[in-house]
Amino acid sequence: MSEVTAIEHLIMSQRRWSPHATGQFTSLMHDLILSAKIISRNVNQAGLVDILGATGSVNVQGEQVQKLDTFANNTLVYRMQTSGAVCAVGSEEMAEPFFVPENEPHGHYVIFFDPLDGSSNIDVGVSIGTIFSIYRRPDDEQYWLLNAEALMRPGLEQVAAGYFLYGSSTMLVYSTGHGVNGFTLDTGIGEFLLTHPNIQIPRVGKYYSTNHGYFNYWDEATQTAVHSFNRPTHEAPRSMRYVGSLVADFHRTLLKGGVYLYPEDTKHPRGKLRLMYEAAPMAFLAEQAGGKATDGRQRILDIVPTAIHMRTPLIIGSADDVDRVLDIYKEHGKV
Ligand code: AHM
Ligand code: MG
């Protein structure tokens with residue numbers, strides 16, 4: 001136990017390396033981690049909701065029971081808003097970003113999150129997660145000029161990104177642009193401990209991951225790309241894994257390698273996933289771990305958002321597997 005590294009210790013020691021650090025990022029991460037611990041506790045009790053009181057009613061403590069995704073959003077927004085480190089917050093659960101009033105404690109960070117990704121999986125006990133993406137407000141930007149448009153920055157400008165996975169254990173995987181580290185929550189001591197230092201995604205993976213049910217909605221290029229994994233001519237077919245929670249599917253892809261595809265299809269002409277709080281943070285992690293992320297035409301991190309809730313196709317994972325999809329797209333004249 002004496003040799004373990006706790007996340008808060010790591011963040012503090014990294015702060016000492018940066019002479020200009022103001023402590024705002026440390027404060028932001030502290031409040032983000034606290035939010036995730038609170039969400040994780042509630043996710044673990046999700047199955048008890050029926051006996052403790054259904055959504056919308058009052059539980060035995062006399063508290064209003066909220067839907068878990070609303071609860072996760074409220075927890076994160078409140079913690080970020082009061083952290084003193086943040087000037088704006090964008091969330092999948094909010095139509096418009098929230099701007100911390102200038103006369104209240106605020107800092108120069110902007111955070112976007114998907115508070116509870118994969119929430120359709122809650123009722124069936126499957127892993128879900130919280131995804132976050134952090135930007136720094138340019139110092140020369142006038143506070144009163146801050147509006148939704150000013151927040152639409154390409155993913156390559158992220159200063160940090162990551163996710164919390166609420167699975168068989170609760171994990172935090174994040175990067176500040178110097179590689180990717182993974183931490184596991186030790187519930188006994190309430191700390192995230194470094195369990196996966198310097199994660200590197202294998203160049204080629206064991207799995208491919210996509211919603212096969214949409215096969216007939218895909219264009220020929222995507223159908224051919226997927227067939228190259230499950231009906232290859234010169235190698236054994238890959239195993240398919242698809243949970244339907246981006247955090248869980250990406251986490252497996254990051255650790256074991258392979259490719260995750262949520263392409264555009266006739267039902268989702270621009271893809272389903274959201275650029276700013278799903279695709280961009282995962283792309284940041286994938287690249288930091290030596291992998292790739294594309295929408296099929298361009299690098300995800302280069303896309304300049306045109307709307308806070310903009311959707312994008314996503315092909316992400318091992319560099320060689322993503323390249324294989326892009327090569328097939330090129331052969332079909334898609335790129
Ligand atoms: P959500 O943010 O409403 O939970 O939706 C996003 C989820 C992703 O986690 C997952 O990869 C995808 O939707 C699954 O979609 P589908 O059911 O179409 O395969
Ligand atoms: Mg989501």
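When a ligand or atom number is given, it counts from 1 through the structure's own listing order. Worth saying up front: this structure is predicted, and the values here are computed from it rather than measured.
Heavy-atom proximity to Glu92, at under 4.0 Å, picks out these atoms of ligand 1: 2 (O), 3 (O). Those atoms of ligand 1 with a heavy atom of Tyr242 less than 4.0 angstrom away are 14 (C), 15 (O), 16 (P), 19 (O).
The closest approach between any non-hydrogen atom of Tyr260 and ligand 1 is below 4.0 Å. Ligand 1 does not have Asp249 within reach: every non-hydrogen atom of the residue lies 4.0 Å or more from it. Contact between Ser245 and ligand 1 is present, with at least one heavy atom of the residue lying under 4.0 Å from the ligand. In this structure, Arg274 falls outside the shell of residues with a heavy atom less than 4.0 angstrom from ligand 1.
Among pairs with a residue in residues 303-317, those fulfilling side-chain hydrogen bond (donor to acceptor under 3.5 Å, both in side chains) read Tyr277-His309, at least two apart in sequence or across chains.
Of all the heavy atoms of Leu246, the ones lying under 4.0 Å from any atom of ligand 1 are found in both the backbone and the side chain.
Looking at Asp114, Ile122, Asp117, it is Asp117 that brings a heavy atom closest to atom 6 (C) of ligand 1.
The aromatic rings of Phe229 and Tyr208 sit parallel to each other, their planes meeting at less than 30°, with 60° as the upper class boundary. Note on ring orientation: taking the six-membered ring where Trp is involved, the planes of Phe132 and Tyr174 are tilted (angle from 30° to 60°).
Evaluation of the side-chain contact (heavy atoms from CB on, under 4.5 Å) rule for Pro105 yields no partner, not counting sequence neighbours.
Side-chain atoms of Ser27 come within 3.5 Å of backbone N or O of Ser83 as a donor-acceptor pair.
Distances between N or O atoms of Leu273 and those of ligand 1 include no value under 3.5 Å. At a 3.5 angstrom cut-off on N or O pairs, Glu278 counts as close to ligand 1.
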Audit row: Asp219, Thr222, side-chain hydrogen bond (donor to acceptor under 3.5 Å, both in side chains) steps and yes/no: CA-CA 6 Å; Asp219 59 24; Thr222 299; 3.1 Å; yes

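Of the options Ile39, Leu185, Asp117, Ile33, a side-chain contact (heavy atoms from CB on, under 4.5 Å) to Phe164 is made by Ile33 and by none of the others.
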